Amino acid sequence: MKKILAIMEEELKQAFLDCGYEENYAKAVLSNRPDLCEYQCNGAMAAAKAYKKKPIEIASQVAEALSGSKIFSMKEAVMPGFINLKVSEEFAAEYLNQMAGEEKLGLEPVKKPETIMVDYGGANVAKPLHVGHLRSAVIGESIKRMGRFLGHQMIGDVHLGDWGLQMGLIIEELRERKPDLVYFDESYTGEYPTEAPFTISELEEIYPAASAKSKEDERFKERAQNATFRLQNGYKPYRAVWQHIMAVSLADLKKNYANLNVEFDLWKGESDAQPYIPALIDDLVEKGLAYESQGALVVDIAQEGDSKELPPCIVRKSDGAALYATSDLATIIEREKDFHPDRYIYIADKRQELHFTQVFRVAKKAGIVSQEMPMAFLGFGTMNGKDGKPFKTRDGGVMRLEHLIANINEQVFNRIMENRTVSEEEARNTAKIVGLAALKYGDLSNQAAKDYVFDIDRFISFEGNTGPYILYTIVRIKSILNKFAENGGKAESGKILSAASDSEKGLCLLLLRFNDVMETSFAELAPHKICQYIYELSNEFNRFYHDTKILSEEDSDRQASYISLIMLTKDVLTASIGVLGIEAPERM
RNA sequence: GCGUCUGUAGCUCAGUGGAUAGAGCAAUGGCCUCCGGAGCCGUGUGCGUAGGUUCGAUUCCUAUCAGACGCACCA
């Protein structure tokens with residue numbers, strides 16, 4: 001379906017043309033004065049100068065030309081030259097009924113679906129997820145789902161950190177702890193065991209221990225570097241250990257991401273990109289892009305229009321090793337080969353912006369992707385504690401994501417038990433759903449690029465712009481619909497009549513905006529706009545609910561209309577939280 | 001030093017080249033024979049500062065102040 005604003009603009013364009021003005025002045029926007037009108041057009045003021053007329057004169061003419069339009073119930077010109085508009089109730093009802101009949105609720109699937117690679121998550125093998133991984137996962141998942149809802153083919157890749165020094169550290173630490181393992185027997189020639197020589201909890205303990213040791217013990221560090229080198233050059237026993245680390249760690253990561261309701265299509269890692277590196281380096285040198293500087297191999301990234309100089313991108317260290325940028329470039333080569341994406345979106349901490357600028361530019365200069373390839377970097381800010389400083393545990397350490405989630409679930413659980421008499425088991429399950437919603441919504445309702453304050457009490461509150469409040473509204477609608485069905489009613493969609501009250505009209509106006517909000521949010525990579533929208537929608541619904549008796553309505557057509565309207569509201573809310581990666585429980 | 005981002009109500013956050021800048025929390029007053037009161041309706045305070053562009057700037061530009069962050073061999 002066409003967006004409501006687009007339909008209005010068509011009418012306005014015709015009106016401007018009829019009056020002898022250019023059609024590009026005919027732009028409709030949401031009103032910023034809801035007391036006066038619902039939509040407005042400010043084009044008359046812009047046109048005034050070009051046509052050397054008073055704005056109000058133009059506005060009056062256009063308003064007059066709109067008199068035949070069926071979509072506006074009000075069109076009036078007011079000083080100094082605004083054209084104030086209201087949507088006709090009949091038109092709105094018709095639009096909403098049509099929306100309700102469509103799977104995507106009035107959203108037009110994109111005409112040319114693109115293959116879009118979304119790089120998010122960024123987990124490291126052998127290290128537990130901590131709060132720093134939360135934002136990338138939550139925001140990325142939402143971007144991916146938004147794109148998918150619009151009809152794009154979205155490919156989410158977790159892009160694991162599975163190839164660095166941490167692997168050598170673990171191997172050396174393992175050698176010290178369990179020197180008898182066959183992996184450390186140079187003369188061993190048999191098959192390696194299929195069973196890993198450690199559990200996930202051991203692994204999670206081994207890495208920090210090794211990391212700490214390497215900072216104090218130079219020789220240990222050297223051995224770890226050497227082990228890393230041998231691993232990367234295909235030394236079989238270490239490859240076998242590495243396989244074990246990967247298997248054990250991946251199983252745990254998958255479990256943790258699943259708990260977050262975050263799903264990746266690809267579980268690729270830096271290791272997968274390694275085979276492409278030698279050819280990449282050769283190519284960069286051959287094309288004359290890479291040159292030696294202070295022993296390292298670098299690529300300049302200057303381009304026309306730069307107001308200042310950007311540092312070159314290092315693609316090979318002076319010791320010959322590859323690094324972050326090399327690996328990311330190689331990953332792009334791999335993705336081009338496997339998927340030919342039309343677009344790339346990276347979701348990472350905003351501190352990495354320079355790095356991605358460098359990588360994108362080198363990728364284009366080297367022809368790994370075309371010059372026009374859209375490569376977006378969505379950088380997010382830090383999650384801070386109430387003191388405004390980066391979020392830490394009480395003793396100053398990094399908080400594990402599992403602990404954070406458990407903590408939230410516990411608090412939500414207590415909340416539910418306080419107010420409702422449900423079984424403990426149901427309360428546990430509900431708390432999980434509501435807790436996750438609180439966590440995700442708390443994150444997504446802020447502009448991604450800004451730092452934000454993580455305030456658990458605020459996030460789990462059932463009041464205000466919070467996940468639980470949105471869920472509460474959905475549950476409330478479900479409850480009414482259930483009761484309606486219990487009383488023998490048959491809920492049908494598409495029966496919406498013209499709104500008869502202010503609050504009903506208000507609810508309709510919000511619902512009309514759904515497709516526009518969804519498109520805009522994706523275009524701007526701004527999940528918080530969806531949050532803002534469903535918060536307003538929830539408020540409008542609760543207002544409508546408050547002054548409308550639905551179940552005791554005697555006019556059966558009117559009642560059917562109310563039921564259709566709240567079903568549509570529920571569907572819009574459910575679809576919206578769906579793209580945010582949030583689900584609603586049946587009761588709460 | 002150079003650069004990027006941010007600065008809106010007591011707090012946490014939205015928002016816009018246009019008419020009176022919005023929510024929530026907190027404070028405070030009201031509304032239950034009624035579909036979930038986890039609700040609804042009220043009350044008060046603000047665009048860091050100074051210039052510029054514009055018919056009109058909180059929004060765009062410049063300068064300035066404050067905070068966060070980034071600036072070659074970490075990821």
Side-chain angles (χ1 to χ4, degrees), chain A residues 29-37 40 42 45-46 48-49 55 78-82 84 122 124 161 163-166 270 293-298 307-328 348-355 357-358 379 381-382 384 386 388-390 415-416 418-420 442 445-447 449-453 455 457-459 461-466 468-469 471-473 475-484 487 503 528-529 531-532 535-536 539 542-553 562 566 587-588:
Chain A
V29 293
L30 265 181
S31 166
N32 61 348
R33 286 291 302 273
D35 52 322
L36 299 179
C37 56
Q40 64 188 49
N42 303 330
M45 286 179 288
K49 205 168 189 181
V78 295
M79 287 298 282
F82 295 102
N84 287 350
N124 288 308
W163 202 239
L165 179 63
Q166 84 233 41
E270 293 177 313
S293 168
Q294 296 172 33
L297 196 65
V298 307
S307 54
K308 38 96 208 259
E309 208 173 323
L310 288 169
C313 180
I314 302 179
V315 294
R316 194 179 64 202
K317 300 202 282 180
S318 44
D319 69 3
L323 29 66
Y324 191 30
T326 330
S327 169
D328 270 349
D349 191 303
K350 66 182 175 188
R351 284 173 289 197
Q352 298 192 35
E353 183 157 19
L354 178 59
H355 161 75
T357 303
Q358 291 175 321
T382 314
N384 291 331
K386 277 188 183 178
K389 299 208 171 110
R415 198 76 173 251
I416 292 171
E418 267 172 34
N419 292 301
R420 279 268 157 182
S445 56
N446 295 291
Q447 285 183 41
K450 289 193 186 176
D451 294 350
Y452 78 103
V453 175
D455 181 344
D457 294 326
R458 185 161 66 84
F459 292 174
S461 164
F462 290 77
E463 293 161 26
N465 190 12
T466 68
Y469 174 71
L471 297 190
Y472 166 74
T473 305
V475 168
R476 193 176 214 186
I477 297 174
K478 284 183 180 175
S479 168
I480 298 168
L481 291 173
N482 285 337
K483 200 145 285 180
F484 180 68
N487 297 344
S503 59
H528 80 277
K529 296 211 165 179
C531 294
Q532 192 68 25
Y535 175 54
E536 284 173 34
N539 280 337
N542 281 313
R543 189 166 302 130
F544 166 73
Y545 165 87
H546 182 257
D547 58 34
T548 311
K549 295 286 162 282
I550 298 169
L551 295 183
S552 55
E553 172 61 48
Y562 289 155
I566 68 171
R587 297 192 293 173
M588 61 190 275

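These numbers come from a predicted model, not from an experiment. By convention in this document, chain letters (A, B, ...) are assigned in the order of the sequence lines, proteins followed by strands, and residues within each chain are numbered from 1.
- You'll find that the side chain of K49(A) is closest to U54(B), out of C71(B), U54(B), G15(B).
- Minimum atom distance to the side chain of Y535(A) is reached by A23(B), of the listed A14(B), A23(B), U4(B).
- Using Watson-Crick or G-U wobble geometry with both donor-acceptor distances under 3.5 Å, U53(B) finds no partner in any strand shown.
- Using Watson-Crick or G-U wobble geometry with both donor-acceptor distances under 3.5 Å, A72(B) finds no partner in any strand shown.
- Residue V298(A) is classed as a base contact, given a heavy-atom separation below 4.0 Å to a base.
- Pairing of U59(B), defined by two Watson-Crick or G-U wobble distances under 3.5 Å, is not identified with any nucleotide.
- Comparing G37(B), A14(B), A75(B) by their closest approach to the side chain of Y324(A) singles out A75(B).
- A sub-4.0 Å separation between OP1 or OP2 of A21(B) and a side-chain N or O of N32(A) is absent.
- Nucleic acid contact for S293(A): base, since at least one base atom lies under 4.0 Å from a heavy atom of the residue.
- U59(B) and U54(B): their C1' atoms are spaced 13 Å apart (whole Å).
- S445(A) contributes no side-chain N or O that forms a donor-acceptor pair with the base of A14(B) under 3.5 Å.
- Checking U20(B), C35(B), C69(B) against the side-chain heavy atoms of R351(A) singles out C69(B) as nearest.
- At a threshold of 4.0 angstrom between heavy atoms, the contacts of Q447(A) are confined to the sugar-phosphate backbone, with no base atom among them.
- Rounded to whole Å, the distance from CD on E536(A) to C1' on C13(B) is 13 Å.
- For A19(B), its base sits under 3.5 Å from the side chain of N84(A) at one donor and acceptor pair at least.
- Across every strand in view, C25(B) sits in a pair with G10(B) that passes the Watson-Crick or G-U test at under 3.5 angstrom.
- One can place CD of Q358(A) at 13 Å from C1' of G3(B), the figure rounded to the nearest angstrom.
- Between Y469(A) atom OH and U12(B) atom P there is a gap of 23 Å when expressed in whole angstrom units.
- Side chain of E553(A) to backbone of Y562(A): no donor-acceptor contact under 3.5 angstrom is found.
- When heavy atoms are screened at a 4.0 angstrom cut-off, L36(A) is found touching base atoms of the nucleic acid.
- Ring planes of H355(A) and Y324(A): parallel class, angle under 30° (limits at 30 and 60°).
- For Y545(A) and G39(B), the ring-to-base geometry does not satisfy the stacking test (centroid distance below 5.5 Å, interplanar angle below 30°).
- With rounding to whole Å, D457(A) atom CG is found 18 Å from C11(B) atom P.
- Closest-nucleotide positions on RNA chain B for R543(A) and D547(A) were compared, and the one nearer the 5' end corresponds to D547(A).
- Straight-line distance between the C1' atoms of G10(B) and U4(B): roughly 31 Å, to the nearest whole Å.
- No donor-acceptor distance shorter than 3.5 angstrom exists from the side chain of Q40(A) to the backbone of V29(A), with no hydrogens or angles considered.
- One atom, CG of N446(A), and another, C1' of U12(B), lie 8 Å apart when rounded to the nearest Å.
- Note: E463(A) CD to Y472(A) OH = 10.5 Å, rounded to the nearest 0.5 Å.
- Between K478(A) and the phosphate of G36(B), there is no side-chain N or O to OP1/OP2 separation shorter than 4.0 Å.
- No contact: D319(A) has no heavy atom under 4.0 Å from any strand.
- In this structure, of C35(B), G39(B), A19(B), it is G39(B) that holds the atom nearest to the side chain of H546(A).
- Along RNA chain B, the nucleotide closest to F544(A) and the one closest to T466(A) are compared, and the more 5′ of them pairs with T466(A).
- Rounded to whole Å, atom P of A21(B) lies 9 Å from atom CZ of R33(A).
- A donor N or O paired with an acceptor N or O is found under 3.5 Å between the base of A19(B) and the side-chain atoms of Q40(A).
- Using a 4.0 Å heavy-atom cutoff across all strands shown, T548(A) reaches at least one base atom of the nucleic acid.
- For the residue pair N542(A)/R476(A), the side-chain donor-acceptor check at 3.5 Å is satisfied.
- Atom P of A9(B) sits at a distance of 23 Å from the matching atom of G42(B), rounded to the whole Å.
- Judged by distance alone, the side chain of T382(A) and the main-chain N or O of P390(A) form no donor-acceptor pair under 3.5 Å.
- Here A449(A) lies out of heavy-atom contact (under 4.0 Å) with every strand.
- If you check every strand for non-hydrogen atoms under 4.0 Å, V475(A) touches a base.
- Distance from the side chain of H528(A) is smallest to G15(B) among C40(B), G15(B), A72(B).
- A distance of about 35 Å separates the C1' atoms of C74(B) and C13(B), rounded to the whole Å.
- A gap of 9 Å separates the P atoms of G24(B) and C40(B), to the nearest Å.
- Within the structure, a side-chain polar atom (N or O) of K450(A) is placed less than 4.0 Å from OP1 or OP2 of G7(B).
- The CG atom of D455(A) sits 9 Å away from the P atom of C13(B) (whole-angstrom rounding).
- The residue N542(A) sits close only to the backbone: its heavy atoms come under 4.0 Å of sugar-phosphate atoms, none of a base.
- The same atom, C1', is picked in G22(B) and in C47(B); the two are 12 Å apart, to the nearest Å.
- The partner of C35(B), taking Watson-Crick or G-U wobble pairs whose two distances both stay under 3.5 Å, does not exist in any strand shown.
- Searching all strands for a Watson-Crick or G-U wobble partner of U20(B) with both distances below 3.5 Å returns nothing.
- Atoms CG and CZ, on L36(A) and F82(A) in that order, are 9.5 Å from each other to the nearest 0.5 Å.
- Annotation: G17(B) and C61(B) have their P atoms spaced 13 Å apart (nearest Å).
- Checking C71(B), C5(B), C13(B) against every side-chain atom of K350(A), the shortest atom distance belongs to C5(B).
- The main-chain N or O of F462(A) is never found under 3.5 Å from a side-chain atom of T466(A) such that the two would form a donor-acceptor pair.
- Taking the side chain of E463(A) as heavy atoms from C-beta on, and the options U12(B), C35(B), G39(B), the nearest nucleotide is G39(B).
- Which of C41(B), G36(B), A68(B) sits closest to the side chain of S479(A) comes down to G36(B).
- Taking atom P on both A14(B) and C65(B), the two are 27 Å apart, rounded to the nearest angstrom.
- Residue contacts for K549(A): at a heavy-atom cut-off of 4.0 Å it reaches a base atom on one of the strands shown.
- Here E270(A) lies in heavy-atom contact (under 4.0 Å) with sugar-phosphate atoms only.
- When distances run from any side-chain atom of L323(A) to the nucleotides A75(B), A19(B), G7(B), the shortest one goes to A75(B).
- S445(A) and N465(A) share no side-chain donor-acceptor pair at under 3.5 Å.
- Both distances falling under 3.5 Å, in either a Watson-Crick or a G-U wobble arrangement, place U64(B) opposite G48(B).
- No side-chain donor-acceptor contact under 3.5 Å links T548(A) to the backbone of I550(A).
- In this structure, E309(A) places its CD atom 14 Å from P of U4(B), rounding to the nearest Å.
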